Each structure stands twice: as C-alpha cells, then as structure tokens.
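Scroll down for the structure; my scribbles are underneath it.
These numbers come from a predicted model, not from an experiment. Chain letters run A, B, ... following the sequence lines, proteins first and then strands; every chain starts at 1. Any value given below was found using the heavy atoms of this structure, including those in side chains, with hydrogens, waters and symmetry copies removed.
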2 protein chains.
Amino acid sequence: MTTDRSTEDLMSNDAERPAARPTITDVARHAGVSKGLVSFALNDRPGVSAETRARILASARELGWTPNLRARSLSVDRSYALGLVIGRSVDVIAADPFFHSFIAGVESEFSTAGQVLVLAQATPGREETATYRGLAADKRVDGVFLSDLRAGDDRVALVRELGLAAVTLGRPDVESPFPSVSVDDGRGIRAAVEHLAALGHRRIAHVAGPSTMLHGRRRAEAFTTALVAAGLEPTAIIETDFSAVDGARATRELLGLGADRRPTAIVYSNDHMAFAGLAVAQRAGIHVPHDLSITGFDDTELARHTFPSITSVATDAFDWGARSARLLLATIAGQPVDDVELSEPRLVVRESTTTAPESESARH
Amino acid sequence: MTTDRSTEDLMSNDAERPAARPTITDVARHAGVSKGLVSFALNDRPGVSAETRARILASARELGWTPNLRARSLSVDRSYALGLVIGRSVDVIAADPFFHSFIAGVESEFSTAGQVLVLAQATPGREETATYRGLAADKRVDGVFLSDLRAGDDRVALVRELGLAAVTLGRPDVESPFPSVSVDDGRGIRAAVEHLAALGHRRIAHVAGPSTMLHGRRRAEAFTTALVAAGLEPTAIIETDFSAVDGARATRELLGLGADRRPTAIVYSNDHMAFAGLAVAQRAGIHVPHDLSITGFDDTELARHTFPSITSVATDAFDWGARSARLLLATIAGQPVDDVELSEPRLVVRESTTTAPESESARH
DNA sequence: TTGAAAGCGCTAACAT
DNA sequence: ATGTTAGCGCTTTCAA
C-alpha cells in the first residue's frame with residue numbers, strides 16, 4: 001500500500017463532495033511515470049526526455065492540475081509572499097495616497113510571479129517589532145519592504161536578525177545589508193526653492209516633516225542648502241508630524257510672525273499640509289498666491305483640484321513600488337543586485353506660486 | 001531510524017548555521033512523550049492528563065517552540081489569512097482614505113488571532129476574476145472581503161463557486177450566501193438633504209457616484225427620496241465615477257445651468273468630489289456657502305482643513321473593518337453568524353452649509 | 001491516557 | 001532518463 005492516497009479513491013467514497021483537486025500523484029499515474037519525474041518536468045529541470053516531459057505536461061493539463069502552494073511551501077521553505085508593515089498611525093496615514101500607488105506598483109510585478117502581498121499595520125495593540133517578529137516566526141513572507149525610514153532605524157537590524165530579506169525605501173543612516181530604492185527628493189525641494197527664489201521671494205519658510213523620519217529630515221536639509229545656494233537668509237523651519245492639523249498649526253505660526261519676518265512663500269513637505277496651509281491663509285484673508293506662495297510635495301490628485309491649484313513636487317510612487325518589488329524578488333532569488341535610484345522628482349508648477357509681493361515698506 | 005530528523009543532529013553538523021528552530025518532535029523527546037500527545041496538549045484538547053500536559057507545555061516553553069504555520073496549514077487545510085481585492089483603478093482609489101481605516105480595523109481584530117491580511121489590487125494586467133481565482137487556487141486565504149459591491153455583482157457567485165468564505169460590505173442585490181456588514185448611508189444622505197432643506201434650500205442637486213456601484217446608487221436613491229419627503233422638486237443628479245476630476249466636471253455643469261435652475265446647494269457622494277467642487281465654485285467667483293452650500297460624504301480629515309470647512313457625513317470605516325473581520329473569522333470557524341448593521345452615519349455640520357441665498361428675483 | 005504511524009502534496013537525494 | 005523514497009512539521013486516526 002502506497003503512502004499517497006489517490007484522488008479517485010476519495011471521490012468514490014462520497015459523490016457529494018466537490019471534486020477533489022488532482023495531486024502530483026494523479027498526474028504521475030496518468031502519465032505512467034513517477035512523482036519525482038513529474039516534479040522535475042513541471043519545474044522544468046534538466047534530466048527529463050523531451051518526449052516524457054511533453055506527456056507529463058499533457059497529463060497535468062488534462063487533469064487540470066495546479067501545484068499545491070502549501071505543500072510546496074513546506075518543502076522548499078518559501079512563502080512566495082512579500083510583506084509591508086505600515087508603522088504610521090492610522091490618522092496620519094489615512095490621508096496619504098503614497099501607499100496606494102506604491103502597492104499598485106508592487107502588485108504590477110506580481111502578475112507574472114504568483115506572489116502575494118501581506119499587509120500589516122502596526123496598530124497600538126500590535127507593536128511594530130512584534131509584527132515583524134510574527135511575520136518571521138510564522139514565515140509568512142520571504143521578504144519585506146522597509147518604508148518610512150527613521151533616524152537610526154532599528155528595524156534594519158531587527159529584520160536582519162530575523163533572517164528576512166528586505167529592501168529599504170531610501171538609504172538608511174545605519175549600516176544596512178539590504179539594497180535600497182531611492183529618489184532624490186532633496187532635489188525636488190531644491191527645485192521648489194529655486195523656483196520661488198527666481199520669482200523674487202526672499203523670505204521662504206519650510207513646514208517640515210518630523211526630523212526623526214529620514215525623508216522629513218532630508219527635505220529640510222535640502223531646503224536649507226538650497227536657500228544658502230540661492231543666497232538667501234535662513235528662515236523659519238517648522239517641524240510637524242506630516243499631518244494636516246500640524247500643517248495648519250505651523251502655517252498659523254508662520255503667518256503670525258511680525259510683518260518683517262513673515263514669509264512670502266512656504267515650502268511644505270507634503271501636499272496635505274499644503275492643503276491645510278492654504279485654508280489657513282485664506283481664512284486669515286491672506287491671498288494665495290499674491291500675498292503668499294506655497295508649494296506641496298507628492299503631487300497628489302487633489303493638488304490639481306484646489307483653488308488656486310497647488311504647485312507640487314511629483315515623484316512616481318507606482319514606479320517606486322514596481323522597482324522595489326523587482327529588487328526584493330531578485331534578492332530572494334539569490335541574484336546579485338544593486339541599489340536603484342529612481343528618476344528625479346519634477347516640480348509641477350501651478351497657480352499657488354507667483355512673483356513675490358512688493359516689500360512691506362514699498363506697499364505702505 | 002526514525003522519520004523525524006531531530007534538531008540536534010542538524011546543529012552538530014554546522015556550527016555556523018543559525019540555531020534551527022525546535023520542532024514538535026524535539027518537544028516530544030524533551031518531554032518524553034510522543035509527537036501526537038504533544039499536539040494534543042498544545043492545542044489543548046481533552047485526553048491528556050493534567051500532569052503530562054504541564055510537562056509538555058514546560059518543555060515547549062523551555063525549548064522556545066513555536067508552531068510551524070506551513071506544516072499546520074498543510075495538514076489542517078487552512079491559511080490563517082484573509083484577502084482583500086481592491087478592484088478600483090489606482091487613480092480613483094489613491095485619493096480615498098476609506099481603505100486605510102478599514103484595513104486598520106481589520107487588523108485590529110488580528111492582534112489576537114495570528115491572522116494576516118493579503119492585499120491584492122486588480123490592475124489592468126491582472127483581472128479581477130483572475131485574482132480571485134489565483135487566491136483560491138493557491139489557497140492563499142480562507143476568506144475574502146467583498147467591497148465596492150456592484151449592481152448584479154458576479155463576484156458573489158464567483159467567490160461562492162471557488163469555495164471561499166466571504167463577507168460583503170453592504171448587502172448585494174443578488175442572491176448571496178454570505179453575511180454582510182452594512183451601514184445605512186442613505187440615512188446620511190437624508191440627513192444632509194434635511195439639513196439643507198431646513199436652511200431654506202429648494203434647489204438641491206446631487207453629484208452621485210456611478211450607478212453601477214451599489215453605494216453610489218443607494219445614495220442617489222436616498223437623495224431623491226429625501227427630496228420628495230421634504231416636498232421639494234426633483235433636481236439634477238449628475239453621475240460620476242467618484243473621482244475628483246469628475247466631481248469638478250459635474251460641478252461645472254451644475255453651475256452652468258440657467259439662473260433659475262442653478263442649485264443653491266449640492267450634495268456630493270464623497271468628500272473628494274466636494275473638494276473639487278468647492279474649488280470649481282470658488283474659481284467661478286461663487287461664494288461658498290453664501291451663494292452655494294455643499295456637503296461631502298466620508299468626513300475625511302481634509303474636510304476639516306479647507307476654507308470653508310466642509311459639512312460631511314461621517315461613517316466609521318475602522319469599525320466597519322473590525323466588524324467585518326470578526327464576522328468573517330466567525331464564519332470560517334463555522335460559528336453561526338448574522339448580518340451586522342453598523343451605527344448610523346452622522347452629519348457633521350461645518351462651514352460649507354448655510355441658509356439659502358435670497359431668490360434671484362429678490363436679489364435683483 | 002498514551003504511542004505509533006499514516007497522511008497532507010510537494011521536492012530532492014539517491015538508486016537504478 | 002527514470003523510479004524510489006525520505007523528508008518538510010504538523011494533525012489525527014487507530015491501537016494499546
């Protein structure tokens with residue numbers, strides 16, 4: 001008596017039961033060969049005669065055989081799944097369209113690969129570290145995307161210790177064994193500053209993301225650098241948590257400065273804060289762009305649909321996702337990989353930026 | 001020679017290799033019992049003496065044993081994963097914060113369950129049906145969330161045929177074997193209409209979602225019903241695809257109507273169209289809310305951060321996710337379940353709605 | 001109450 | 001080139 005139970009045996013027992021799925025053993029019997037050979041043929045490996053291979057494939061097709069992923073997973077020790085752990089709080093992330101596009105990009109690479117995306121949110125009840133540990137302990141995924149890099153991010157070491165493959169979105173500021181996919185968003189900020197400087201603005205402020213987050217910090221640094229390069233005085237940089245509320249608060253703070261210090265332009269670190277900032281200015285009777293120019297970052301769809309529409313830095317989140325997925329998959333497959341640098345962000349000029357207002361003195 | 005290879009044998013071969021994870025066999029040997037008994041003890045089933053059980057648990061703890069999910073999956077034929085297939089196009093979905101909150105809610109139920117969420121996006125290259133079939137063929141998930149129900153939605157039959165468990169977000173208009181979790185959003189629309197009618201508006205228009213989507217259609221129907229109930233004339237209902245661009249187009253159309261037909265208030269089927277509509281009005285020099293009142297739906301964070309801020313219907317997407325997950329998990333566990341009705345949506349009144357402007361004749 | 005062993009469906013090492 | 005079989009780590013049936 002063999003160890004493998006055939007599908008036919010099963011079906012003869014109970015006609016009611018939905019047709020059991022054929023296994024590799026059924027295919028082997030049908031083709032008149034052994035299980036092992038079927039496995040070889042199906043994973044097209046050398047050592048199977050063309051003729052036999054054809055016969056096996058025909059049998060598989062005829063029986064409608066499809067591999068059982070769980071069984072395969074168990075024997076080859078792979079999940080065929082990639083993970084994304086979103087660590088931001090729900091409120092902050094809810095408004096951010098980045099992940100949708102990113103995920104769409106990731107999935108665009110899956111269409112051919114039979115992979116799947118496991119999404120986890122590090123909610124209060126489920127701490128970030130515990131989430132990664134859980135994913136690793138259950139071997140739910142073969143690799144993870146490390147997004148929203150923080151200063152001195154301990155996830156790099158954690159994921160490494162857990163033995164997971166990974167790619168980082170952006171280059172971490174700690175030793176990392178993982179390849180990265182990055183975009184020079186500093187360049188985008190620089191473009192915004194140069195654009196404003198060319199329009200005659202001399203007091204340009206920045207509403208920054210949290211300095212604990214690498215991209216927030218990098219954008220702020222690029223802002224300062226660009227300011228200096230343009231020969232302008234350093235001005236206010238207000239740190240936020242990237243949320244709309246905080247963007248509004250920062251704007252109020254900036255507009256509350258004395259007439260001689262109030263900025264004539266504000267560079268926001270993301271679109272949502274720019275939206276909120278726009279509303280704050282309008283509410284205060286400050287006309288955008290004539291009294292105040294503003295720029296956003298991300299070029300979300302809504303930036304096109306405000307009045308005035310908002311000048312913003314566009315990056316390609318979809319491509320970011322696609323490239324990251326490809327890189328991670330290659331890493332897992334053991335192929336040699338290199339860091340990838342995405343195409344440069346572009347500044348999309350719209351109605352929210354215009355020439356600097358005349359100076360206060362001239363106006364009075 | 002036994003069939004089970006012990007961990008210790010492995011480790012003695014190669015000191016470099018990271019410590020191999022203990023298996024149930026290791027625990028059995030350590031506790032001096034059989035594999036089978038360990039399994040019974042660990043899944044606390046009857047038939048194990050308290051003493052032995054304690055010894056087994058102690059061994060497991062001491063060895064740091066944790067079950068191998070893949071092996072368990074293979075033998076019990078469960079994935080311990082739930083799936084969400086997002087079928088909208090990237091552009092439309094990118095701006096919609098619903099899913100983030102919904103997903104957060106879903107995950108909040110996972111913290112205790114060791115479940116995971118598989119997210120798939122039905123991109124053009126990967127058709128929706130194929131996505132569900134793939135998920136089922138690979139048994140990636142034990143059940144799915146059916147969101148964005150369409151008229152005559154064929155996914156209900158498909159998912160049923162594939163043998164997956166499911167919950168529907170809202171009640172489908174086709175025969176369905178699945179439990180549903182719904183919210184009476186028509187009630188939210190009614191509240192908006194009543195609010196506007198009470199403010200003296202008599203020409204209220206509706207910028208609707210696509211009639212092919214159940215919630216888009218339901219809201220439009222509720223709009224008409226509420227209008228009639230308020231004793232008002234039927235007015236324009238413009239259908240859109242829920243996107244900001246389309247919301248802008250619809251608004252332009254409405255504002256372009258002759259003075260005697262132009263609405264004094266517009267009820268939008270979602271916030272993003274309301275944002276776009278607000279911009280269109282402002283651009284046309286139409287003051288919101290004095291010339292035109294508008295209401296949104298979803299109560300997204302941004303509704304609080306526009307000028308004027310937007311009156312909107314709030315629903316609880318997080319709770320929706322949590323309840324759906326709980327229901328789906330119960331279904332999978334074979335427990336009897338009932339449809340669940342979420343708490344009623346509430347109208348959050350802000351600055352975008354005010355008393356109706358005086359009639360054109362009176363004004364001239 | 002406990003042990004032994006078959007079985008889940010596949011891969012891969014080893015024979016032939 | 002092909003067949004045989006152990007093994008992945010767990011659950012579950014059947015004896016004892």
When rounded to whole Å, the CG to P distance for the pair A/Asp26 and C/dC8 reads 11 Å
Discussion item. At less than 4.0 Å, is any side-chain N or O atom of A/Ser75 found next to OP1 or OP2 of C/dC10? Yes or no.
Written reply: no
Of the candidates C/dC10, D/dG3, D/dT12, the side chain of A/Ile24 sits closest to C/dC10
Rounded to whole Å, the CG-C1' distance (A/Leu37 to C/dT11) equals 13 Å
Within less than 4.0 Å of OP1 or OP2 of C/dG9, is there a side-chain N or O belonging to A/Thr23? no
Among C/dG9, D/dT12, C/dA12, the one nearest any side-chain atom of A/Val76 is C/dA12
In whole angstroms, the gap separating C1' of D/dC10 from NZ of A/Lys139 amounts to 14 Å
Residue pairs meeting salt bridge (Lys or Arg N to Asp or Glu O under 4.0 Å), one or both in residues 63-78 of chain B, sequence neighbours left out, come to A/Arg70-B/Asp77, A/Asp77-B/Arg70, B/Asp77-B/Lys139, B/Arg78-B/Asp142
Taken to the nearest whole Å, CZ/B/Arg29 to P/C/dG3 is 14 Å
Rounded to whole Å, the CZ-C1' distance (B/Arg21 to D/dC8) equals 12 Å
To the nearest angstrom, the NZ-P distance between B/Lys35 and C/dA6 comes to 11 Å
The side chain to side chain donor-acceptor pair (under 3.5 Å) partners of A/Thr52 (sequence neighbours excluded) come to A/Ser49
When rounded to whole Å, the CG to P distance for the pair B/Asp77 and C/dC10 reads 12 Å
Residues of residues 41-58 of chain A with a heavy atom under 4.0 Å from any atom of DNA chain C, listed by number, are A/Asn43, A/Arg45
Hits for salt bridge (charged side-chain N to carboxylate O under 4.0 Å, His left out) against B/Glu62, two or more places apart or cross-chain, chain-then-number order -> none
So salt bridge (Lys or Arg N to Asp or Glu O under 4.0 Å) across residues 331-340 of chain B, not counting sequence neighbours, yields none
Identify all side-chain donor-acceptor contacts of residues 163-170 of chain A below 3.5 Å with residues at least two apart in sequence or on another chain.
residue, atom, partner, partner atom, Å
A/Thr168, OG1, A/Gly170, O, 2.8

**Report entry** Note, B/Leu135 side chain near B/Leu162 side chain (heavy atom, < 4.5 Å)
**Finding:** no
Hits for salt bridge (charged side-chain N to carboxylate O under 4.0 Å, His left out) against A/Arg171, two or more places apart or cross-chain, chain-then-number order -> A/Glu341
Residue set satisfying side chain to side chain donor-acceptor pair (under 3.5 Å) with A/Ser34, at least two apart, ordered chain then number -> none
By salt bridge (charged side-chain N to carboxylate O under 4.0 Å, His left out), A/Arg160 pairs with (sequence neighbours left out) none
Per the under-4.0 Å heavy-atom filter, residues of residues 64-71 of chain A near DNA chain C come out as A/Trp65, A/Thr66, A/Pro67, A/Asn68, A/Ala71
*asked:* Which label fits A/His100 and B/His100: parallel for a plane angle under 30°, tilted from 30 to 60°, or perpendicular past 60°?
replied: tilted
Per side chain to side chain contact (heavy atoms under 4.5 Å, CB included), B/Phe99 is matched among B/Val106, B/Leu119, B/Ile86 by B/Ile86
Bend of the helix from C/dT1-D/dA16 to C/dT16-D/dA1 from end-axis comparison, five pairs per end, nearest 10°, comes to 50°
In whole angstroms, the gap separating P of C/dG9 from CZ of B/Arg72 amounts to 18 Å
Applying salt bridge (charged side-chain N to carboxylate O under 4.0 Å, His left out) to B/Arg150 and not counting sequence neighbours gives B/Glu128, B/Asp153, B/Asp154
